[in-house]
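First the structure, in the form of structure tokens, and then the observations on it.
In this text, all values refer to a predicted model and were calculated from it rather than measured experimentally.
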Amino acid sequence: MEYIQSLVGILVAAILSENFILVKFYGICPFMGVSKKIDTALGMGMAVTFVMALASAATYGVYYLMLVPLGLQYLQTLAFILVIASIVQVVEMFLKKAVPALYKALGIFLPLITTNCAVLGVALLNVQKGYDFLQSVFNGACGGLGFTVSIVLFASLRERVDKAESPECFKGFPLTLIAAGLMALAFMGFSGLKIF
């Protein structure tokens with residue numbers, strides 16, 4: 001029962017109170033760059049979720065099966081980046097063959113998942129919090145789900161704001177930054193949430 005409560009806590013924290021984009025401010029580059037249309041944002045969110053879950057599983061294995069036994073824990077960041085880069089290359093090749101429209105829509109932001117600090121952040125967070133394998137993969141998947149929720153909500157907000165009338169000095173990126181700031185404030189309100 002306690003283990004299930006910890007998983008529920010991870011789920012709620014990753015989506016709301018510790019959202020990687022809107023609370024921790026990781027992964028801002030794709031958040032601002034790919035959030036102009038809902039379908040593109042959803043595709044990016046699904047790709048990041050897949051990479052985060054897979055990276056969490058792979059980095060857990062690399063850390064506990066290779067780095068810890070050899071006493072090389074200080075190389076975790078470098079090792080995690082190499083693992084994440086490999087996973088992103090596989091995802092990129094898959095999308096290029098299977099979903100070329102999404103591959104083209106994501107453009108330069110797809111390879112940037114490699115350097116997306118949200119993906120690296122979840123891998124490092126799993127080690128820092130001492131999560132076991134299941135908790136690590138679950139945290140990665142839930143972190144990706146939180147990423148997807150944030151980017152899709154922001155994309156829908158941007159689509160509406162682009163059609164609305166606004167003062168000339170706020171049109172474009174200034175209004176986008178204000179909207180992102182207000183969304184971040186709303187999500188930070190969940191940080192006082194006590195779970196179990």
Side-chain angles (χ1 to χ4, degrees), residues 2-3 5-34 43-98 103 106-151 184 187-188 191 195:
E2 189 176 313
Y3 193 76
Q5 286 180 341
S6 75
L7 292 179
V8 171
I10 289 171
L11 173 72
V12 173
I15 295 173
L16 297 175
S17 63
E18 294 180 19
N19 186 290
F20 282 106
I21 294 178
L22 297 172
V23 176
K24 295 186 180 215
F25 303 113
Y26 297 161
I28 296 293
C29 178
F31 178 69
M32 298 304 272
V34 186
M44 180 63 154
M46 290 186 323
V48 168
T49 301
F50 179 74
V51 168
M52 282 176 111
L54 206 55
S56 294
T59 55
Y60 180 89
V62 166
Y63 186 77
Y64 288 105
L65 299 177
M66 288 177 54
L67 298 180
V68 170
L70 296 173
L72 299 173
Q73 296 93 321
Y74 60 91
L75 291 175
Q76 71 181 6
T77 304
L78 179 63
F80 290 178
I81 289 172
L82 292 172
V83 168
I84 291 165
S86 302
I87 292 169
V88 170
Q89 286 300 313
V90 170
V91 169
E92 188 175 356
M93 289 186 300
F94 172 77
L95 286 178
K96 190 174 185 178
K97 289 281 187 189
Y103 174 80
L106 293 176
I108 187 66
F109 293 100
L110 187 57
L112 286 178
I113 294 175
T114 301
T115 57
N116 186 339
C117 53
V119 180
L120 179 60
V122 77
L124 293 172
L125 191 69
N126 291 336
V127 171
Q128 287 174 355
K129 291 197 174 186
Y131 288 156
D132 63 22
F133 180 76
L134 180 61
Q135 289 173 324
S136 295
V137 174
F138 191 69
N139 187 42
C142 292
L145 187 59
F147 184 95
T148 304
V149 166
S150 303
I151 200 167
F187 271 72
M188 283 184 180
S191 62
I195 304 162

* Go through the steps for S150 and F147 under the test side chain to side chain contact (heavy atoms under 4.5 Å, CB included), then give the verdict. => CA-CA 5 Å; S150 303; F147 184 95; 5.9 Å; no

Please report the C-alpha distance between L125 and F20 in whole Å, then the side-chain angles of each, then the deciding distance to 0.1 Å, and finally whether the side chain to side chain contact (heavy atoms under 4.5 Å, CB included) criterion is met. CA-CA 11 Å; L125 191 69; F20 282 106; 4.2 Å; yes

After noting the C-alpha distance and the side-chain angles of T148 and V48, does the key distance pass the side chain to side chain contact (heavy atoms under 4.5 Å, CB included) rule? CA-CA 8 Å; T148 304; V48 168; 5.9 Å; no

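The number of heavy-atom neighbours closer than 6.0 Å to CE of M188, taken from other residues, nucleotides and ligands shown, is above 12.
Looking at residues two or more places apart in sequence or on another chain, you find a salt bridge (Lys or Arg N to Asp or Glu O under 4.0 Å) between K24 and E18. With sequence neighbours left out, the ring-ring contact (aromatic ring centres under 6.0 Å, His included) criterion links Y64 to Y60. Residues passing the side-chain hydrogen bond (donor to acceptor under 3.5 Å, both in side chains) test with S56, sequence neighbours excluded: N126. For S136, there are no side-chain hydrogen bond (donor to acceptor under 3.5 Å, both in side chains) partners, not counting sequence neighbours. Residues that satisfy the ring-ring contact (aromatic ring centres under 6.0 Å, His included) test with Y103, not counting sequence neighbours, are absent from this structure.
Summarising the geometry, atom CD belonging to Q5 is positioned 12.5 Å from atom CD1 belonging to I10; distances are rounded to the nearest 0.5 Å. To the nearest 0.5 Å, atom CG of residue L145 and atom CD1 of residue I15 are 4.0 Å apart. Here OH of Y26 is found 13.0 Å from CD1 of I21. Values are rounded to the nearest 0.5 Å. A distance of 10.0 Å separates CG in L22 from CD1 in I151, rounded to the nearest 0.5 Å.
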Hey, can you pull the donor-acceptor pairs under 3.5 Å for the side chains in residues 69-82, sequence neighbours left out?
none

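For M52 against A118, the heavy-atom pair with the smallest separation is CE-O, 3.3 Å. Smallest separation of non-hydrogen atoms from G27 and P30: O-CD, 3.4 Å.
Looking only at distances, no side-chain donor or acceptor of Q89 sits under 3.5 Å from a matching main-chain atom of S86.
Looking only at side-chain heavy atoms (C-beta outward), N139 and V122 come within less than 4.5 Å of each other.
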